[in-house]
Amino acid sequence: MRVRFAPSPTGALHVGGARTALYNWFAARHTGGTLVLRIEDTDPARSTPENVEQILDALNWLGLDYDEGPISQVSRSERHQEVLAQLLDDGHAYRSNATKQQVDAYKAQHGSERGFRGESEASGAVRLRVPDEGASVVHDLIRGDTSFAHVHIDDPVIARADGSVLYNFAVAIDDLDAGITHVIRGEDHLSNTPKQLLVLEALGAPAPVYAHLPLLHGQDGKKLSKRHGAASVQEFREAGYLPEALRNYLALLGWGTDDDETILSTEELVQRFTIERVSKNPARFDHQKLRWMNGRYMRELSVEELTARLEAFTGRSGLRDAVEISKEKIQTLADFWPLAGFIFDGPADDPAAREKWLDEEGRTVLQDARAALEPIDPFTVEAVQGALEAVVAARGAKPRQVFQPVRVALAGRPVSPGIFETLAVLGREESLARLDRAIGL
RNA sequence: GCCGCUAUCGUCUAGGGGACUAGGACGCCGCCCUCUCACGGCGGAAACCGGGGUUCGAAUCCCCGUAGCGGUACCA
């Protein structure tokens with residue numbers, strides 16, 4: 001099996017494109033086949049080298065490698081011109097100066113039962129001659145056979161007047177030359193497939209097998225875009241998601257196993273993936289489920305590994321102890337600093353929390369707590385826990401009436417990792433200093 | 001408008017004629033655990049788009065309708 005991922009460098013790699021890349025990668029790795037990366041840059045107005053770089057970067061971060069490429073589509077223009085000349089020569093294509101208005105007028109005149117057919121002229125854009133009779137059938141592994149009657153298809157422009165080729169032509173030639181056996185791409189390409197089939201047929205060349213993936217939508221059912229929050233792979237990376245979690249989530253958007261397993265490692269995904277099991281209906285992207293899944297993946301990492309990722313993500317070092325006591329409470333890498341940053345940068349400033357927990361009574365609690373903690377050595381989780389529980393007992397208070405003021409004194413906010421663990425990580429000196437500062441307020 | 005694709009809980013899905021009082025996951029609700037927030041455990045509410053067929057029997061097959069989406073570019 002030879003498959004390809006062929007993004008157009010007109011912007012960042014979006015999750016829809018990433019999902020397409022992932023499925024191609026699964027198909028190739030599952031069968032021991034080959035994945036070709038091709039950059040569809042035939043639109044000079046929208047394609048930039050920066051975007052190519054960004055796409056390559058995103059694929060790399062996602063952990064998707066390829067066996068051939070990246071090859072630029074424009075780099076193959078010599079070959080494209082050769083085929084174009086051949087089609088012009090043997091009458092499968094012709095030049096035409098017909099404008100959009102003329103095409104519309106033609107169709108208005110002939111009704112819906114007749115696609116546009118132009119006259120051969122000496123100059124102009126190149127159009128492919130579509131037969132009046134018959135139909136092109138797309139053989140699709142996901143959708144079965146879909147038939148498109150030729151009478152409904154306009155003679156498509158396959159090259160601009162300046163000679164540069166267009167997508168529906170280039171894609172057919174490039175897939176053919178690359179020996180692509182299975183074209184796995186988004187469903188938005190299904191309706192244009194007969195035009196590509198017609199190019200191949202004019203050449204007497206064989207067609208690949210297709211697999212048109214259902215599209216991805218935002219939570220509102222509309223096409224996924226910026227309005228839905230993160231939409232590009234880069235944005236998910238910056239939002240603190242793990243590539244392995246994103247792979248798992250994306251894999252399940254349009255594909256599932258017969259036993260409906262949810263957490264599947266990349267190895268399992270490769271082993272179990274088959275195109276035939278891809279769903280036919282469009283899927284909505286659910287950030288909440290991704291978040292949940294990302295949390296699962298983070299908790300499965302060792303403290304060492306998670307620390308390494310968090311240090312890379314935050315650009316800080318010495319995070320290990322803080323990571324260890326925060327691990328169960330965060331779902332993304334970005335959640336860490338808001339939760340545990342106070343350990344390094346000092347208490348956060350939360351007036352509402354101070355007002356609620358560091359009132360007159362709260363400060364007497366802190367004095368008791370300070371007195372109980374002061375003599376402790378070594379300053380371990382067990383030791384501080386014993387000391388604070390003794391304070392609770394001595395005051396006849398509810399546990400939270402003691403723990404919350406201490407928490408706010410240390411963290412500045414009412415939410416933090418476990419209070420005993422936090423004390424132990426901060427150490428005796430720093431803990432007492434923070435209590436003193438809060439008492440003095 | 002025309003052409004095409006699709007249609008199971010709010011969302012992702014399992015299901016491919018009888019195993020369906022329709023299963024799982026996220027989310028939601030309740031309870032438990034508990035120093036906050038989480039994590040974890042237990043329980044609950046929640047769906048076969050509508051109408052015709054085919055069949056002894058339809059979520060599963062066919063047709064029509066409806067809805068959503070895609071295409072209809074000298075974009076990809």
Side-chain angles (χ1 to χ4, degrees), chain A residues 6-10 40-43 45-47 73 96-100 103 107-108 111-113 115-116 124-127 138 140 142-143 146-149 151-154 156-162 164-168 170-171 185-195 212 214-215 217 219 221-223 249 252-263 279-293 295-296 299 326-331 335 339 353 357 385 388-389 392 398-404 406-408 411 413-420 422:
Chain A
S8 159
T10 55
E40 312 242 292
D41 50 3
T42 51
D43 185 356
R46 297 195 302 155
S47 303
Q73 201 157 44
S96 165
N97 283 300
T99 62
K100 165 110 174 91
V103 172
K107 292 167 78 172
S112 64
E113 284 301 299
F116 175 74
V126 179
R127 283 184 187 268
V138 179
D140 192 296
I142 297 168
R143 285 154 218 285
T146 302
S147 180
F148 294 86
V151 288
H152 297 305
I153 304 174
D154 298 331
V157 175
I158 56 177
R160 301 183 179 89
D162 69 7
S164 60
V165 298
L166 261 24
Y167 171 75
N168 284 125
V171 74
R185 60 186 3 171
E187 196 204 322
D188 49 338
H189 290 285
L190 180 58
S191 297
N192 283 323
T193 305
K195 296 173 188 171
H212 286 96
L215 261 19
H217 293 162
Q219 253 123 353
K222 298 284 198 286
K223 206 172 162 71
Y249 179 68
L252 260 26
L253 237 38
W255 176 84
T257 61
D258 49 1
D259 54 10
D260 215 10
E261 285 295 327
T262 303
I263 301 293
S279 156
K280 288 195 278 243
N281 28 348
R284 297 184 191 210
F285 196 95
D286 184 357
H287 283 84
Q288 282 191 117
K289 189 162 185 175
L290 205 213
R291 244 187 105 72
W292 163 80
M293 190 174 280
R296 290 262 324 222
R299 269 170 264 128
S326 305
K327 205 180 165 194
E328 302 267 286
K329 299 169 187 290
I330 54 179
Q331 289 185 304
D335 288 345
L339 178 74
W357 296 106
Q385 176 166 1
L388 287 184
E389 281 172 349
V392 171
K398 288 183 176 164
R400 57 183 296 159
Q401 290 177 308
V402 170
F403 299 141
Q404 280 303 83
V406 172
R407 187 187 310 282
V408 174
R413 34 200 303 269
V415 177
S416 80
I419 198 65
F420 313 127
T422 300

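Order of the sequence lines sets the chain letters (A, B, ...), proteins ahead of strands, with each chain counted from 1. All values derive from a computational prediction rather than experimental measurement. We use all heavy atoms of the structure for the numbers below, so side chains are in, but hydrogens, waters and symmetry mates are not.
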Checklist entry - Across all strands shown, which nucleotide pairs with B:U6 by Watson-Crick or G-U wobble geometry, both distances under 3.5 Å? => result B:A67
Next on the checklist: If the test is side chain to side chain donor-acceptor pair (under 3.5 Å), which one of A:Arg185, A:Glu187, A:His189 qualifies with A:His212?
Outcome noted: A:Arg185
Next on the checklist: Can you check the distance between B:A59 and B:G4, where both ends of the measurement are the P atom (answer in whole Å)?
Outcome noted: 29 Å
Checklist outcome for this item: The nucleotide from B:C74, B:A38, B:U8 with an atom nearest the side chain of A:Glu328 is B:A38
Next on the checklist: Whether the side chain of A:Lys107 and the base of B:U72 hold a donor-acceptor pair under 3.5 Å is what I'd like checked.
Outcome noted: no
Next on the checklist: Under 4.0 Å, counting only non-hydrogen atoms across every strand here, what does A:Arg413 touch: a base, just sugar-phosphate, or nothing?
Outcome noted: nothing
Checklist entry - Rounding to the closest angstrom, what is the interatomic distance between B:U66 and B:A45 at atom P? => result 36 Å
Checklist entry - Closest heavy-atom contact between A:Lys398 and A:Val392? => result C-CG1, 4.3 Å
Item to check | Base B:C39 to side chain A:Lys329, donor-acceptor N/O within 3.5 Å cut-off | outcome: no
Item to check | A:Lys289 (side chain) and B:A25 (base): donor-acceptor pair under 3.5 Å | outcome: yes
Checklist outcome for this item: Of A:Val165 and A:Ser416, the one whose nearest nucleotide on RNA chain B sits closer to the 5' end is A:Ser416
Item to check | Side-chain donor-acceptor pair present, A:Gln288, A:Arg291, cut-off under 3.5 Å | outcome: no
Checklist entry - Do A:Arg284 side-chain and B:C12 base share a donor-acceptor contact under 3.5 Å? => result no
Checklist entry - Heavy atoms under 4.0 Å, any strand shown: does A:Arg143 hit a base, just sugar-phosphate, or nothing? => result sugar-phosphate
Item to check | Heavy-atom donor-acceptor pair, A:Ser191 side-chain to B:G70 base, under 3.5 Å | outcome: yes
